[in-house]
Amino acid sequence: RGADAAWISIVSLEPNTRYELSGWIKTRNIRGAKGAMFNIQALKGSETPAVTGTTDWTRVSRVFKTNNKTRLQVNCLFGGWGRSTGQVWYDDGSLTHLTGQSDRKAKPGAVKPAAPPKRANPNGTEKNSADFDAAAAVKGCGKFAFVKRKHFGKPFGVGTMYSWRIYSPGCGIYTYDPIDPSKGEKEIFRSDDGVIFDMSPSFDAKKLLFAWMRVNHTPEERKSGKKLGYRGNPDSFHIFEINIDGTGLRQITTGRFHDVHPVYLPDGRIVFTSTRGKSYSMCQPALSSALFTMNADGSNIRRIEFSTLACMSPYVLDDGSVLFMRWEYNDKSLFDLQSLWTINPDGTRVQLFYGNTITNPNLIWQAKQIPGTQKVLATLGPHHGHPVGAVGIIDRSLGTENTEAITNITPEYAFVPSTKYVHGGGPGDKQYKFAFRDPWPVKSDLFLVAYGGPARGGPGRYRIFALDDKGNRAMVR
């Protein structure tokens, strides 16, 4: 016969305030009435979209205003103005305060499901849709190279993270083919006394560029008592090249400067981020950086961008221009932070790509063009601390300042695009441990990404996942 029922929680809220009611719903064979949803009792327009039929975990949400109310009843509603039949599961129901300096939770904060909440899947795949073919996604990634290293300590912020003494020794580069997992991974580079900052492949996938720094001090250095590298590091990051089979290792840059983010240009030169501008950041007590180019042998180093703070994560677009994250304060407040810009390899035509007034997230970086499209894949994260967070797809054809141009495909890390000014960074500066980072588009709907989640109950270390454009994921390595 079905039912019109609700599992309820009474919560205390602030009057005349906007909140977002959200949660996850999973259904099986739901028919009749409206279906399954969350809503606020007796508050018109507060119900989330209803979920019917058979679905895997689906996130639903609704923004509402409390008017003059300070206590309200939140419902996990089944039926809704009539009887529904079938089965439903609710999880992670929450109320999020949308005004003020943070996205603090309403007291007592969370809508609790009637049954005990499901335990987090340690593989981080608990919200995959029923039609997601995990095995096909993994095999579709093809052979790839990856870095192993110890987790970085917490930096002051992304714009100066190369400067801090946050690195532990021990790293390597490996290749792996998920089509033939029996062969395992192949080590092509190993360093027990240093750390790799990042890495990128050549266009023909035969070579790799990477930035490496020695971390351990020698006995002579310890004994000398002399002031060594910046902030106690014994060395700086230098750029190296290696063939994909492990042969041909060579060092390209030297000196006291940090050189990171090396990327091949189509003409064989290299674009990279460097502290060779010999200046400090205007906002943090650390070195600033800019974009430079050089020949493949390290000669003819030339600065092409003149930001006063930092330029990070360059990537060559299909039209030959360089997409990068730029930290600057032109025509915006102190807390509208790091957006995407482009520049030609010769230093001409610096222009905004996306997000000069976006406040949430504070940071958009590691952006790369999705094959066969004009969209880019990027990490959405905070300005301070670890620059990890959600994975977003950006379609700038919808507008260079339009929040609708960002689709967060991993919404469990709740960066909700906004242009609202919040002093101090607000929800756009929220920290998440072991969230997503280093996304790499393989196909138009398949990506590789490093992920240490889920946010609750995760392993506390990064693994490699295949991720599709709907947020479904499968662990690869």
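Quick note: numbers below take in every heavy atom, side chains included, and nothing from hydrogens, waters or symmetry partners. Quick note: residue numbers are just sequence positions, from 1. Computed from a predicted structure; not experimentally measured.
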* To do: Run the salt-bridge test on D468 and K470 with the 4.0 Å N-O cut-off and return the result as yes or no.
  => no
* Asked: Within 45° of the axis and under 6.0 Å from the centre of the six-membered ring of F434, does NZ or CZ of R461 qualify?
  -> no
* Under-4.0 Å salt bridge between K148 and E185 -> yes
* Can you list the steps and then say if Y264 with E241 is a side-chain hydrogen bond (donor to acceptor under 3.5 Å, both in side chains)? -> CA-CA 11 Å; Y264 291 99; E241 183 184 67; 2.6 Å; yes
* Per the ring-ring contact (aromatic ring centres under 6.0 Å, His included) rule, which among Y19, Y90, F64 passes with F38? -> Y90
* To do: Please work out which of the three classes, parallel, tilted or perpendicular, describes the rings of Y462 and H151, given edges at 30° and 60°.
  => tilted
* When the ring centroid of Y176 is compared with that of F146, is the distance short of 6.0 Å? -> no
* Under 3.5 Å, is there a donor-acceptor pair linking the side chains of N344 and S321? -> no
* Asked: Is there a donor-acceptor pair under 3.5 Å between the side chain of Q369 and the backbone N or O of K375?
  -> no
* Taking everything shown except R190 itself, do over 12 heavy atoms lie less than 6.0 Å from its CZ? -> no
* Compute whether any side-chain donor of one residue and acceptor of the other, for D429 and H383, lie under 3.5 angstrom apart. => no
* To do: Name the orientation class of the two ring planes belonging to Y315 and W440 (parallel below 30°, tilted from 30 to 60°, perpendicular beyond 60°).
  => perpendicular
* **Pi-cation contact, F240 with R250 (under 6.0 Å, within 45°)** => no
